[in-house]
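What follows is a set of notes on a single structure, which appears directly below.
Just so you know, these numbers use all the heavy atoms, side chains as well, and skip hydrogens, waters and symmetry mates. Being a predicted model, the structure only gives us computed values, none of them experimental.
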Amino acid sequence: QVRLVESGGGLVQPGGSLTLSCAASGSFFSRYSMAWYRQAPGKQRESVAMILGGGDTNYADSVKGRFTISRDNANNMLYLQMNSLKPEDTAVYYCHVSEINTWGQGTQVTVSS
């Protein structure tokens, strides 16, 4: 059974940085596409960034140039480096395995002064 556990969320001031981590169980990790999604209060869940097994990435327009997704296949880890954070980045961030539609429990990111 695949399990995803996110960590690294918290409260940060506008302009600050955070790095989210997602620890994945199982031997599937390197074969699959991985993604970060987020859901703000009262809004639909939206895709933030995706990374394919080979390392190709794509980003939502709202985070391009500020967020970086990366993966460590040897250790089954997914990361999201978030810089120049804005209040509108406030949301619960989720780790997702695309091919098997599996979600983590989420980690809260709050950007506020």
Side-chain angles (χ1 to χ4, degrees):
Q1 184 177 358
V2 172
R3 185 164 178 253
L4 304 173
V5 179
E6 301 96 334
S7 61
L11 173 64
V12 63
Q13 291 187 342
S17 298
L18 279 176
T19 300
L20 305 183
S21 300
C22 174
S25 64
S27 60
F28 69 95
F29 188 81
S30 62
R31 299 198 300 269
Y32 291 143
S33 301
M34 301 289 296
W36 287 99
Y37 283 73
R38 67 185 181 187
Q39 187 166 19
K43 295 187 177 181
Q44 289 190 330
R45 194 171 295 189
E46 63 176 359
S47 175
V48 174
M50 175 178 283
I51 184 166
L52 304 183
D56 290 343
T57 60
N58 58 67
Y59 297 90
D61 287 344
S62 59
V63 307
K64 278 181 182 176
R66 301 188 297 122
F67 290 11
T68 302
I69 188 171
S70 62
R71 63 193 299 164
D72 177 355
N73 289 338
N75 293 296
N76 285 9
M77 293 294 296
L78 179 72
Y79 301 101
L80 186 68
Q81 174 67 43
M82 306 185 294
N83 298 325
S84 302
L85 282 161
K86 305 175 182 180
E88 51 263 43
D89 294 318
T90 295
V92 178
Y93 284 71
Y94 298 90
C95 178
H96 182 245
V97 180
S98 303
E99 284 87 344
I100 56 176
N101 195 27
T102 297
W103 298 90
Q105 85 288 350
T107 185
Q108 176 71 47
V109 172
T110 302
V111 184
S112 175
S113 55

Mind running side chain to side chain donor-acceptor pair (under 3.5 Å) on Ser113 and Gln13 for me, showing each step along the way?
CA-CA 5 Å; Ser113 55; Gln13 291 187 342; over 6 Å; no
Remaining members of hydrophobic cluster (4.5 Å side-chain criterion), Trp103:
Tyr37, Val92, Tyr94
Judged by atom type as modelled, is there a donor-acceptor pair below 3.5 Å linking the side chain of Glu99 to the main-chain atoms of Ser33?
yes
Going by heavy atoms in the side chains, are Gln44 and Gln39 under 4.5 Å from each other?
no
Looking at Asn75 and Met77, would you say the former's side chain and the latter's main chain have a donor-acceptor pair under 3.5 Å?
no
Would you mind reporting whether Tyr79 and Ile69 have side-chain heavy atoms less than 4.5 Å apart?
no
Among all residues two or more places apart in sequence or in another chain, which pass the side-chain contact (heavy atoms from CB on, under 4.5 Å) test with Gln105?
Val5, Glu6
Between Ser98 and Tyr32, is a side-chain contact (heavy atoms from CB on, under 4.5 Å) present by the stated rule, with each step listed?
CA-CA 7 Å; Ser98 303; Tyr32 291 143; over 6 Å; no
Should Leu18 and Gln81 count as side-chain neighbours, where that means a heavy-atom distance under 4.5 Å?
no
Under 3.5 Å, side chain of Ser25 to main-chain N/O of Arg3, donor-acceptor pair present?
yes
Pairwise side-chain contact, Leu11 with Ser112, heavy-atom cut-off 4.5 Å (strictly under)
yes
Kindly indicate whether the side chain of Val48, heavy atoms from C-beta on, has any atom under 4.5 Å from the side chain of Tyr59.
no
Any side-chain heavy atom of Met82 within less than 4.5 Å of one from Thr19?
no
Check whether Phe67 and Val12 end up in the same hydrophobic cluster, where Ile, Leu, Val, Met, Phe, Trp and Tyr are linked by side-chain heavy atoms less than 4.5 Å apart.
yes
Is any side-chain N of the basic residue among Lys86 and Asp89 closer than 4.0 Å to the acidic one's carboxylate O?
no
Does any N or O in the side chain of Thr90 come within less than 3.5 Å of the main-chain N or O of Val111, such that one atom is a donor and the other an acceptor?
yes
Out of Leu78, Thr68, Asp56, which residue meets the side-chain contact (heavy atoms from CB on, under 4.5 Å) rule with Ile51?
Leu78
Residue pair Arg38 / Arg45, side-chain heavy-atom distance below 4.5 Å:
no
Asn58 side, atom CG; Ser47 side, atom OG - distance, nearest 0.5 Å:
6.5 Å
List the atom of Ala91, the atom of Ala40, and the distance in Å for their closest heavy-atom pair.
CB-N, 3.8 Å
